[in-house]
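A short write-up of the structure that comes next.
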Amino acid sequence: MSAHAAPRKRVTLGSLAAKKDAGEPLVMVTAYDHPSAQIVEEAGVDLVLVGDSAAMTVLGYDSTVPVTVDEMLMLTKAVRRGLSVPLLVGDLPFGSYEASDELAIATAQRFVKEAGVDLVKIERGGATVDRVRALVHAGIPVVGHVGLTPQTATALGGYRAQGRTADAALAVIDDALALQDAGCSMLVIEAVPSEVTAALMPLLHIPVIGIGAGADADGQVLVFHDLLGLYDGGAAKFVKRYAELRGAAVAGVTAYADEVRGGVYPGPEHGYAMPADEAARLRELLAAR
Ligand code: KIV
């Protein structure tokens, strides 16, 4: 931002709706800590999701399933401290909302009170629709998530595109409509053929954010570590890499290690100097011991 640019106004559900109505694409990205929050804030995105993808991108689990509420809260609080303009969405992890309305409300309230999220995201249709109704009734705005829902990927046959037959596509569309009817403020639709998104869009009045769901959604979301080339694991077909930061990071640390081992770093310019008279006095004091 230039020194004279007007500060950006905080994103609200109202400003997102206005962008949707004006056909302006919405930009969402994940972030998991304070520096990544500051980076996406400076890049001017509309929405930031502290996704449970954190389980894999920053915590080293091999799926999103094991991550806990406390782990997600710690990451979400760090992101909150780095954001002021975009809307912040907290992802409720697997096992923290499905069993009952009471559980869903108690977990979501922690994300709102302790981590300051603006909305919570929960996955799937089915019983999740009741949880959405309860959360909205409790005053907590909700983002639904349909299509490929990684928390239940095993039940879906693995990490694969959903809705590839007419019947399967109808099931995704029905989930989306049920979540909108239950009061979701927004939807994420993941890994479905673009025909499914195109068929769904005229049926929804809430903003829809796609990931691997074609170009017809109101906006797009990508995982921070995927788009910047920081994640070492395999990337899905829909990921586009906009930078290769992992290679740059390995090269930087390797150069540092080489310089330490070669006696190049630290140079005199990286150290602190003592005034000459103090250094002389120190030598005298040591000599007198
Ligand atoms: O956890 C996550 O990062 C997500 C996005 C991929 C939508 O749910």
Side-chain angles (χ1 to χ4, degrees), residues 16 25-33 36-37 39-40 45-69 71-76 78-79 86-98 107-108 111 115 117-125 128 132 142-153 156 158-163 172 175-176 179 184-192 197 206-214 217-228 230-231 233-241:
L16 292 180
L26 307 176
V27 181
M28 185 191 233
V29 67
T30 68
Y32 311 105
D33 57 17
S36 59
I39 289 167
V40 300
V45 304
D46 301 301
L47 295 135
V48 176
L49 168 68
V50 186
D52 62 357
S53 49
M56 299 166 78
T57 54
V58 298
L59 297 179
Y61 294 118
D62 60 6
S63 81
T64 61
V65 169
V67 70
T68 66
V69 168
E71 287 169 328
M72 287 299 297
L73 279 173
M74 191 191 70
L75 301 175
T76 310
V79 170
L87 270 189
L88 176 60
V89 182
D91 217 359
L92 304 196
F94 182 67
S96 73
Y97 61 90
E98 300 90 331
T107 305
F111 277 74
V117 303
D118 300 301
L119 302 100
V120 296
K121 179 169 84 60
I122 59 179
E123 292 191 2
R124 301 175 75 213
T128 295
V132 170
V142 184
V143 180
H145 184 152
V146 296
L148 173 59
T149 47
Q151 292 177 1
T152 43
L156 296 174
Y159 286 87
R160 56 175 58 180
Q162 300 297 304
V172 173
D175 280 345
L179 289 167
C184 274
S185 300
M186 209 179 307
L187 277 186
V188 166
I189 182 165
E190 177 165 357
V192 298
T197 311
I206 55 176
V208 179
I209 309 289
I211 174 163
D218 298 305
Q220 298 292 323
V221 56
L222 277 180
V223 165
F224 184 86
H225 287 58
D226 285 341
L227 82 90
L228 292 180
L230 276 165
Y231 184 55
K237 181 177 182 208
F238 51 76
V239 169
K240 180 168 176 182
R241 284 205 197 280

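One-based numbering, in listed order, for ligands and for the atoms of each. Positions are given from 1, in the same order as the sequence printed here. What you see is a predicted model, and the numbers here were worked out from it, not measured in a lab.
In terms of protein heavy atoms, atom 6 (C) of ligand 1 is closest to Ile211 CD1, 3.6 Å. Considering only non-hydrogen protein atoms, atom 2 (C) of ligand 1 sits nearest to Ser53 OG, 3.3 Å. Among protein heavy atoms, the minimum distance from atom 8 (O) of ligand 1 is reached at Lys121 NZ, 3.0 Å. Among protein heavy atoms, atom 4 (C) of ligand 1 sits closest to Leu49 CD2, 3.6 Å.
For ligand 1 and Gly51, the ligand atoms under 4.0 Å from any heavy atom of the residue are 1 (O), 2 (C), 3 (O). Those atoms of ligand 1 that come under 4.0 Å of a heavy atom in Thr30, given as number and element, are 3 (O).
For the atom pair CG of Leu26 and CD of Gln220, the computed distance is 10.0 Å after rounding to the nearest 0.5 Å.
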Exercise. Does the side-chain contact (heavy atoms from CB on, under 4.5 Å) test come out yes or no for Met56 and Thr64, once each step is laid out?
Worked result: CA-CA 6 Å; Met56 299 166 78; Thr64 61; 4.2 Å; yes

For this session: Go through the steps to decide whether Met72 and Asp52 satisfy the test side-chain contact (heavy atoms from CB on, under 4.5 Å), and finish with yes or no.
Result: CA-CA 7 Å; Met72 287 299 297; Asp52 62 357; 4.3 Å; yes

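Side-chain atoms of Pro66 and Glu71, non-hydrogen and from C-beta on, never get closer than 4.5 Å to each other. Taking the side chain as every heavy atom from C-beta outward, Met28 and Val89 approach each other to under 4.5 Å. Counting heavy atoms from C-beta outward, Ile39 and Phe224 have side chains that approach closer than 4.5 Å.
Considering backbone and side-chain atoms alike, Tyr32 places every N or O at 3.5 Å or more from each N or O of ligand 1. Distances between N or O atoms of Asp91 and those of ligand 1 include at least one value under 3.5 Å.
Not a single heavy atom of Met28 sits less than 4.0 Å from an atom of ligand 1.
Tyr32 and Ser53 are linked by a side-chain donor-acceptor pair at a separation below 3.5 angstrom, with hydrogens and angles left out of the test.
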